[in-house]
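All residue numbers refer to positions in the sequence shown, counting from 1. Just so it is clear, the model here is predicted, and its values are computed rather than measured.
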Amino acid sequence: MTQITPQPGIMDIALYTGGKSTVEGVSNVVKLSSNENPFGPSPAAQEAVRRVLHEMHRYPSTDHGSLRQAIGEVHGLDAGRIICGVGSDEIIHFLAQAYAGPGDEVVFTEHGFGMYKISARVAGATPVEVPEAERVTDVDALLAACTERTKLVFIANPNNPTGTMIGQAEVERLADGLPPQAILVLDGAYAEYVEGFDGGASIVDARENVVMTRTFSKLYGLGGMRVGWGYAPAGIIDVLTRVRGPFNLSVPALAAAEAAIRDTAFVEKCRAENTRMRTWLAEALMEHGVPSDTSCANFILARFSSREEAEACDLFLQKQGLIVRRVAGYNLPAALRITVGDEASCRRVAHVIGRFKAGER
Ligand SMILES: Cc1ncc(COP(=O)(O)O)c(C=O)c1O
C-alpha cells in the first residue's frame, strides 16, 4: 500500500470545463462558446509562424525580450516590467504560486473567471467568493471580504462571463483600500475590446500593489498559441520570473504574438466589427425578449426566465449547429454566454433564438 497523496486542496479542484466545440450528429457547427475571434489570427501572425517553422529544433528565447519590447512599444509600457506566460492563465498561476499558500485567502467575485479558484487551490490557499451587484463587480463587497489573510484579489474588467465593467475610479478605490499584504490583479483579457482603455496599466504604474494581466487569446485570435502577459511593479516581476519556467513559450508562439501585436490595423478592424455586431446582437435578442447587460467584451450574457428555459434554448441552438456556453458553473444557471461571431453567425443565432422564443423546439 502506498501512502501517495496530493497536496491539500488539489482534490477539491473542480475540473475546468472549456467551451464545447462539437455537437454529435451535427456537422458545420458554429462555435460561439469560447470567445474566440471569428476572423482568426492576423495574416501577419500566420506568416510569422511560417517563417520560424525551420527553427523548431532551437530552444526559444528565455527572456522573451523581443515580444516584451513589442508589447512595450505598442502599449507605451516599460518592457522591463512585462512577463509573458502560456496564456494569461499561467500568469494567474504564477501569482497564486508566488504569493498565496495554506492559510492565505484569494478573493474574487461570484461570477469571476474559473481559473482564480483553481489557481488558489493549487497553491493550497483558500478561495473566497464575493457577491456582485446585479452582475457587476462590487468594490465595497470586495473590500469587506478582505482580511489579514488576503493575499490576492482578482477582478476581470471587463468581466467574464457577465461582460460588465467598472470605471477607473472604482478600481482605484479598490486598490487603495486593500490591506497592505494584498495584491490587486486586474485581469484585462477583454481590455482590447474597449476603445481607448489601457486595461488598468496606469493604475499599475501609480502603485506598488497592482498587477495587470492580458492575453493574445481573444482579440488577437491566438487562443491556440497560448500567449498572455502581465504588467507589474518591478519587485513583483522579479518574484514571478523566479517562478516561471525558462522556456515556457514556444518559438512559434513568440513569433505569432509579436507579429499580432504589431498588426494594429487588424486589431482596429476586429474591435470595430465586434462593437458593431455586439450592438446588433444585443438589440436583436432584446426584440426576442432575451435581455442582456451592456457588454464591454466580445460576448453577450443572454438572460432567460429560468434554468430550464436557458437549457432548452441551448439544446435547440445545438440542434441548429450553434454552440454557445452554459454558465451555470459561474452561478448563472438562467443565462447563456454567446460569443459575438461574424455577421452571418450573429444573424443565425438571433434568428434561431427568435424561433425558440416563438415556441419551436
Ligand atoms: C477573464 C479571463 N481571464 C483569463 C482568461 C485566460 O485566457 P488565456 O489563458 O487564454 O490567456 C480568460 C479566458 O477565457 C478569461 O475569460
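Considering all non-hydrogen atoms of both residues, Tyr99 and Gly235 come closest at OH-O, 4.4 Å. Smallest separation of non-hydrogen atoms from Ala123 and Pro102: O-CD, 3.8 Å. Across all their heavy atoms, Gly221 and Asn37 have their closest contact at CA-CB, 3.8 Å. The two residues Gln168 and Ser202 come nearest to each other via the heavy atoms NE2-OG, 3.3 Å. Residues Ala297 and Ser295 come closest through the heavy atom pair N-OG, 3.1 Å. Leu32 approaches Gly341 most closely through the heavy-atom pair CD2-CA, 3.9 Å.
The one candidate from Val324, Ile323, Asp314, Leu336 that meets the side chain to side chain contact (heavy atoms under 4.5 Å, CB included) condition with Ser33 is Ile323. Residue Val26 is tested with Thr22, Asn28, Val29 for a side chain to side chain contact (heavy atoms under 4.5 Å, CB included); the sole match is Val29. The ring-ring contact (aromatic ring centres under 6.0 Å, His included) with Tyr190 is formed by just one residue from the set Phe197, Phe299, Tyr220; it is Phe299.
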Please report the C-alpha distance between Thr164 and Asn159 in whole Å, then the side-chain angles of each, then the deciding distance to 0.1 Å, and finally whether the side chain to side chain donor-acceptor pair (under 3.5 Å) criterion is met. CA-CA 6 Å; Thr164 61; Asn159 197 12; 5.2 Å; no
Taking it one step at a time, do Glu105 and Thr126 satisfy side chain to side chain donor-acceptor pair (under 3.5 Å)? CA-CA 5 Å; Glu105 291 171 351; Thr126 306; 5.9 Å; no
Step by step, would you call Asp138 with Thr109 a side-chain contact (heavy atoms from CB on, under 4.5 Å)? CA-CA 8 Å; Asp138 182 340; Thr109 67; over 6 Å; no
For the pair Val153 and Cys146, evaluate side-chain contact (heavy atoms from CB on, under 4.5 Å) and give the outcome as yes or no after the intermediate values. CA-CA 9 Å; Val153 176; Cys146 287; 4.0 Å; yes
With salt bridge (charged side-chain N to carboxylate O under 4.0 Å, His left out) as the test, would you mind laying out the steps for Glu90 and Arg244 before giving the verdict? CA-CA 9 Å; Glu90 198 184 27; Arg244 178 176 71 79; over 6 Å; no
Under the side-chain contact (heavy atoms from CB on, under 4.5 Å) rule, what do Ile353 and Val290 come out as? Steps first, then yes or no, please. CA-CA 9 Å; Ile353 290 178; Val290 178; 3.9 Å; yes
From CA spacing to verdict: side-chain contact (heavy atoms from CB on, under 4.5 Å), His64, Leu249: CA-CA 8 Å; His64 312 142; Leu249 288 180; 3.9 Å; yes
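The CZ atom of Arg337 sits 9.0 Å away from atom CG of Leu301, with the distance rounded to the nearest 0.5 Å. Atom CG of residue Leu240 and atom CD1 of residue Ile83 lie 5.0 Å apart, to the nearest 0.5 angstrom. How far OG1 of Thr275 is from CD of Glu195: 7.0 Å, rounded to the nearest 0.5 Å. For the atom pair CD1 of Ile82 and CD1 of Ile71, the computed distance is 5.0 Å after rounding to the nearest 0.5 Å. Note that CG of Asp89 is 7.0 Å distant from OH of Tyr16, once rounded to the nearest 0.5 Å. Atom SG in Cys270 sits 5.5 Å away from atom CG in Leu219 (nearest 0.5 Å).
Counting heavy-atom neighbours within 6.0 Å of Glu268 CD, excluding the residue itself, gives a total above 12. Glu360 CD: more than 12 foreign heavy atoms inside a 6.0 Å radius. Crowding of Arg361 atom CZ: a count of heavy atoms from other residues, nucleotides or ligands under 6.0 Å exceeding 12.
A salt bridge links Glu129 to Lys117: at least one charged side-chain nitrogen sits closer than 4.0 Å to a carboxylate oxygen. Here Arg81 pairs with Asp205 in a salt bridge; the nearest charged N to carboxylate O distance falls below 4.0 Å. Taking 4.0 Å as the cut-off between side-chain N and carboxylate O, Glu73 and Arg262 count as a salt-bridged pair. Of the charged side-chain nitrogens involved, none lies within less than 4.0 Å of a carboxylate oxygen, so that Asp104 and Arg149 do not count as a salt-bridged pair. Under a 4.0 Å N-O distance rule, the pair Arg50/Glu47 qualifies as a salt bridge. Using a cutoff of 4.0 Å between basic side-chain nitrogens and carboxylate oxygens, Lys269 and Glu273 are not scored as salt-bridged. Ionic pairing of Lys31 and Glu36 is present here: one or more N-O contacts between side-chain nitrogen and carboxylate oxygen are shorter than 4.0 angstrom. Between Lys357 and Glu309 there is a salt bridge, since a side-chain N of the basic residue sits under 4.0 Å from a carboxylate O of the acidic one. Ion pairing between Arg173 and Asp140 holds under the 4.0 Å rule for side-chain N and carboxylate O.
You'll find the side chain of Ile261 reaches within 4.5 Å of the side chain of Phe216, heavy atoms only. Side-chain contact check for Glu24 versus Gln318: every heavy-atom pair is 4.5 Å or farther apart. A heavy-atom distance below 4.5 Å is found between the side chains of Asn157 and Val171. Between Leu178 and Asp176 the shortest side-chain heavy-atom distance does not fall below 4.5 Å.
With hydrogens and angles left out, the side-chain atoms of Gln181 and Thr150 include no donor and acceptor closer than 3.5 Å. Residues Thr137 and Glu132 bring no donor and acceptor atom of their side chains to less than 3.5 Å of each other. Between the side chains of His93 and Ser119, at least one donor N or O sits under 3.5 Å from an acceptor N or O. A donor atom on one side chain and an acceptor atom on the other are not found under 3.5 Å apart for Tyr231 and Asp78. Side-chain atoms of Asn298 and Tyr193 form a donor-acceptor pair, as typed in the model, at a separation below 3.5 Å. Donor-acceptor pairing under 3.5 Å is lacking for the side chains of Asn160 and His111.
Ring planes of Tyr59 and Phe247: tilted class, angle from 30 to 60°.
A side-chain donor-acceptor contact under 3.5 Å links Thr215 to the backbone of Ser217. The backbone N or O of Ala45 lies less than 3.5 Å from no partner atom in the side chain of Asp263, so there is not a single donor-acceptor pair. Between the side chain of Asp293 and the backbone N or O of Thr162 there is no donor-acceptor pair closer than 3.5 Å. A donor-acceptor contact shorter than 3.5 Å links the side chain of Gln46 to the backbone of Pro41. A donor-acceptor distance shorter than 3.5 angstrom exists from the side chain of Thr339 to the backbone of Asn35, with no hydrogens or angles considered. Side-chain atoms of Arg307 do not come within 3.5 Å of backbone N or O of Ala334 as any donor-acceptor pair. Although no hydrogens or angles enter the test, the distance criterion places a donor-acceptor pair under 3.5 Å between the side chain of Arg68 and the main chain of Asp63. In this structure, the side chain of Arg214 does not engage the main chain of Gly230 through any donor-acceptor pair within 3.5 Å.
Aromatic ring centres of Tyr330 and Phe113 lie farther apart than the 6.0 Å criterion allows. Annotation: Tyr116 is in aromatic contact with Phe154 [ring centroid separation under 6.0 Å].
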